> 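The structure under discussion is supplied below as structure tokens; questions concerning it will follow.
Hydrogens, waters and symmetry mates are skipped; everything else that's a heavy atom, side chains included, is used. These figures come from a predicted structure and were not determined experimentally. Residue indices begin at 1 and follow the sequence shown.
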Amino acid sequence: MQHVINDFSTMDAVQKLPIGIQDFESLRKDGYLYVDKTRLVYKLVNDGRYYFLSRPRRFGKSLLISTIKAYFQGKKELFKGLAIEQLEKDWTEHPVLHLDLNAEKYDTGSSLERKLDAQLKLWEMQYPTGFETYSHGIRFERVIEAAYKQTGQRVVVLVDEYDKPLLQAIGNEDLQEQFRGTLNGFYGALKSMDGCIKFAMLTGVTKFGKVSVFSDLNHLDDISMSLPYYDICGVTEEELLSCFLPSIKALAASQNQTAEEAIETLRIRYDGYHFLEDSKGVYNPFSLLNTLNKLKYGSYWFETGTPTYLVDLLQMHDYNLEQMSQVEADDETLNSVDANSTNPIPVIYQSGYLTIKDYDPEFSVYTLGFPNKEVEEGFTRFLLPCYTSVRKGQTAFDIKNFVMDVRNGNTEQFLKRLRSLFSDTPYELVKNLENHYQNVLWLLFKLLGFYVQAEYHTSEGRIDLVLQSPQYCYVMEFKLDGTAEEALAQIEDKHYTLPFDTTGRQVVRIGMNFDSKTRNIEKWVIG
């Protein structure tokens with residue numbers, strides 16, 4: 001992709017980038033760069049009243065909620081120079097009830113109740129009700145009513161990360177049920193107190209459906225896959241070029257790149273999120289801002305921690321990881337998470353590790369895949385220690401050894417490392433041997449593919465694996481409870497090496513057999 005960039009050599013390369021700043025008021029008062037989303041905020045509050053938005057973690061949901069809060073508090077001065085300044089004429093101040101469920105650990109039923117109780121007490125101090133000893137739901141109803149009567153203005157309710165308790169309880173059905181009951185009763189006030197409410201918005205990573213908190217909130221407008229709001233969080237290509245050119249210039253200089261090369265690298269690493277079919281891509285704002293601030297490309301989103309519930313889901317259902325390269329799903333699957341489902345894909349998609357790549361309108365089927373290089377490499381690297389003996393933090397070191405063996409033609413050493421990888425794998429990680437060894441091989445060769453050319457296919461008459469380095473080409477075939485000789489013979493009989501004989505690389509043929517009793521590589525033969 002070619003980018004046309006106007007000359008900005010005279011522009012100041014120092015920009016105050018809002019790293020970790022989620023409060024709109026402090027961001028604006030302290031002079032940090034703000035990507036203007038206020039036109040969309042104005043559209044939200046004028047086109048509807050009740051909304052839900054799902055976006056991955058650290059994607060700007062909290063800043064959006066904070067922006068809406070400042071708008072409804074009538075803080076016109078904070079919006080000077082922004083789109084909404086020209087659109088809004090009234091700037092009416094409304095009482096705002098803001099609940100943030102993010103900064104808490106929900107490991108017991110009482111932890112959620114304590115959080116809600118603490119928040120209700122703060123609201124009741126501001127808007128006394130006389131119902132302080134009642135249930136959370138009734139107390140919330142009376143706070144909404146009191147705020148409306150006390151101010152004469154209808155109430156705005158903003159809930160940030162509504163699903164945090166439910167996500168932390170994935171795999172614990174009893175705790176899930178307890179949290180659902182608590183939240184159902186609490187959020188029910190949004191429906192029963194409709195006459196007192198001006199606007200309400202819930203945000204989270206996932207949308208839990210069916211017998212869940214949304215069963216009683218059918219009046220919420222889910223804009224997660226809505227075209228007018230696809231870019232309400234995140235950074236578009238146009239916003240990148242209009243807002244961040246000075247920082248891009250500084251990044252390019254530090255990385256010995258042209259500005260165009262830096263933009264292309266940013267696109268490959270951090271762009272590619274599509275929240276509905278045929279929409280433009282969106283950049284991950286957290287990784288983008290950190291890269292421009294530190295003047296160094298990195299996996300910043302992953303450094304903040306990948307949720308363990310994703311790995312728990314994959315292992316709980318013995319999911320075949322190779323399917324993640326190209327997943328097909330329908331609209332119902334993407335739009336709602338069933339806590340008791342055996343399909344981990346909805347949670348993985350809504351958490352931001354998969355995104356929409358294509359759409360078949362005839363059958364209403366979405367094709368999902370990794371959004372960009374940061375997610376693809378980071379998620380794969382993160383998973384490897386969860387399926388093998390590789391310790392967390394050691395992944396890069398182990399991959400380096402594998403890569404150097406492949407590049408240098410150390411075939412025996414490469415295969416010995418592979419056998420060692422399987423021999424130390426804890427027994428409890430292996431539920432289905434064939435699926436397990438396929439998962440480990442997929443993870444390993446997926447990671448190797450970032451450094452050497454790799455092609456991996458299922459065993460359907462095609463080559464199991466091809467690895468190519470500048471000097472060598474490895475053609476590999478695997479058998480389970482067969483023989484290594486049979487695997488090598490298949491390479492010869494089906495002429496698997498023919499496409500690679502004219503590449504100028506030395507072709508190495510490898511037949512390998514896995515033994516279900518030892519749960520390891522029984523033998524390999526090099527031809």
Side-chain angles (χ1 to χ4, degrees), residues 23-25 37-53 61-79 82-101 116 118-132 134-162 183-204 213-214 216-223 226 228-229 232:
D23 181 73
F24 178 75
E25 182 169 354
K37 303 289 187 179
T38 60
R39 185 179 300 277
L40 293 174
V41 170
Y42 182 81
K43 179 176 176 59
L44 271 179
V45 301
N46 283 275
D47 286 1
R49 290 177 56 204
Y50 294 93
Y51 293 98
F52 169 75
L53 175 67
K61 299 188 299 295
S62 296
L63 179 58
L64 174 64
I65 288 292
S66 180
T67 306
I68 296 172
K69 178 180 180 180
Y71 166 78
F72 276 113
Q73 288 175 331
K75 296 182 177 181
K76 181 179 179 180
E77 71 281 0
L78 298 179
F79 296 87
L82 301 179
I84 203 170
E85 182 185 28
Q86 303 300 320
L87 297 170
E88 183 57 73
K89 306 303 179 184
D90 296 332
W91 295 98
T92 303
E93 182 178 354
H94 291 265
V96 178
L97 303 179
H98 178 201
L99 173 63
D100 184 357
L101 292 179
L116 295 179
Q119 183 63 72
L120 284 164
K121 285 180 178 177
L122 290 175
W123 290 337
E124 287 162 346
M125 290 175 62
Q126 187 175 5
Y127 307 109
T129 66
F131 283 77
E132 290 79 3
Y134 285 70
S135 69
H136 292 131
I138 292 177
R139 290 169 67 186
F140 191 24
E141 290 178 351
R142 299 286 73 82
V143 165
I144 293 172
E145 181 182 50
Y148 176 43
K149 290 181 176 179
Q150 184 173 317
T151 64
Q153 294 291 340
R154 286 184 295 165
V155 180
V156 172
V157 179
L158 304 174
V159 181
D160 199 4
E161 305 291 358
Y162 90 97
L183 292 175
N184 258 324
F186 185 77
Y187 292 137
L190 296 180
K191 200 165 188 177
S192 61
M193 302 305 295
D194 176 67
C196 300
I197 295 175
K198 166 68 175 177
F199 180 90
M201 187 169 191
L202 279 70
T203 71
V213 296
F214 279 90
D216 294 329
L217 295 180
N218 51 17
H219 61 316
L220 288 180
D221 181 5
D222 183 0
I223 60 170
S226 175
Y229 302 108
I232 197 167

> Is a donor on one side and an acceptor on the other found under 3.5 Å between the side chain of H94 and the backbone of R154?
yes

> Can you tell me how far the OG1 atom of T92 sits from the CD atom of Q153, to the nearest 0.5 Å?
6.0 Å

> Could you tell me the separation between the CD atom of Q119 and the NE2 atom of H136, rounded to the nearest 0.5 Å?
11.5 Å

> Not counting sequence neighbours, which residues clear salt bridge (Lys or Arg N to Asp or Glu O under 4.0 Å) with D23? List them please.
none

> Provide the closest heavy-atom pair for A70 versus F24 in the form atom of the first, atom of the second, distance.
CB-CD2, 3.7 Å

> Okay, side chain of R49, backbone of D194: is any donor-acceptor separation there less than 3.5 Å?
yes

> From F72 CZ over to L97 CG, what is the distance, rounded to the nearest 0.5 angstrom?
12.5 Å

> Which atom pair, heavy atoms only, marks the closest approach of L40 to I232?
CD1-CA, 3.6 Å

> Rounded to the nearest 0.5 Å, what separation is found between the NZ atom of K75 and the OG1 atom of T67?
12.0 Å

> With rounding to the nearest 0.5 Å, note down the distance linking OH in Y187 to CG in L99.
5.5 Å

> In terms of relative ring orientation, are F140 and F186 parallel, tilted or perpendicular, with 30° and 60° separating the classes?
parallel

> Let me know which of L44, V45, T38 forms a side chain to side chain contact (heavy atoms under 4.5 Å, CB included) with Y71.
V45

> R139 vs E124, test: side-chain contact (heavy atoms from CB on, under 4.5 Å). Steps then yes/no.
CA-CA 9 Å; R139 290 169 67 186; E124 287 162 346; 2.9 Å; yes

> Closest heavy-atom contact between P95 and Y127?
CB-OH, 3.4 Å

> Of the non-hydrogen atoms in E25 and S66, which two are nearest, and what is the gap between them?
N-OG, 4.5 Å

> What are the two closest heavy atoms between E88 and Y42, and how far apart are they?
OE1-CE1, 3.6 Å

> For V157 and M193, what are the C-alpha separation, side-chain angles and deciding distance, and is it a side-chain contact (heavy atoms from CB on, under 4.5 Å)?
CA-CA 11 Å; V157 179; M193 302 305 295; over 6 Å; no

> For W123 and T129: C-alpha separation, side-chain torsions, deciding distance, then whether side-chain contact (heavy atoms from CB on, under 4.5 Å) applies.
CA-CA 10 Å; W123 290 337; T129 66; over 6 Å; no

> What's the verdict on side-chain contact (heavy atoms from CB on, under 4.5 Å) for Y50 and D221, showing C-alpha distance, side-chain angles and the deciding distance?
CA-CA 6 Å; Y50 294 93; D221 181 5; 5.9 Å; no

> Looking at every heavy atom in both A146 and P128, which two are closest together, and how far apart are they?
CB-O, 3.7 Å

> List in chain and number order the residues that pass salt bridge (Lys or Arg N to Asp or Glu O under 4.0 Å) with D222, two or more places apart in sequence or in another chain; answer none if no residue qualifies.
K207

> To the nearest 0.5 Å, what is the distance between CG on L158 and OG1 on T203?
9.0 Å

> With the side chain counted from C-beta on, respond yes when L190 and L202 share a heavy-atom pair under 4.5 Å apart, and no when they do not.
yes

> Are R142 and E145 close enough, and set up right, to give a salt bridge (Lys or Arg N to Asp or Glu O under 4.0 Å), and what steps lead you there?
CA-CA 5 Å; R142 299 286 73 82; E145 181 182 50; 3.0 Å; yes

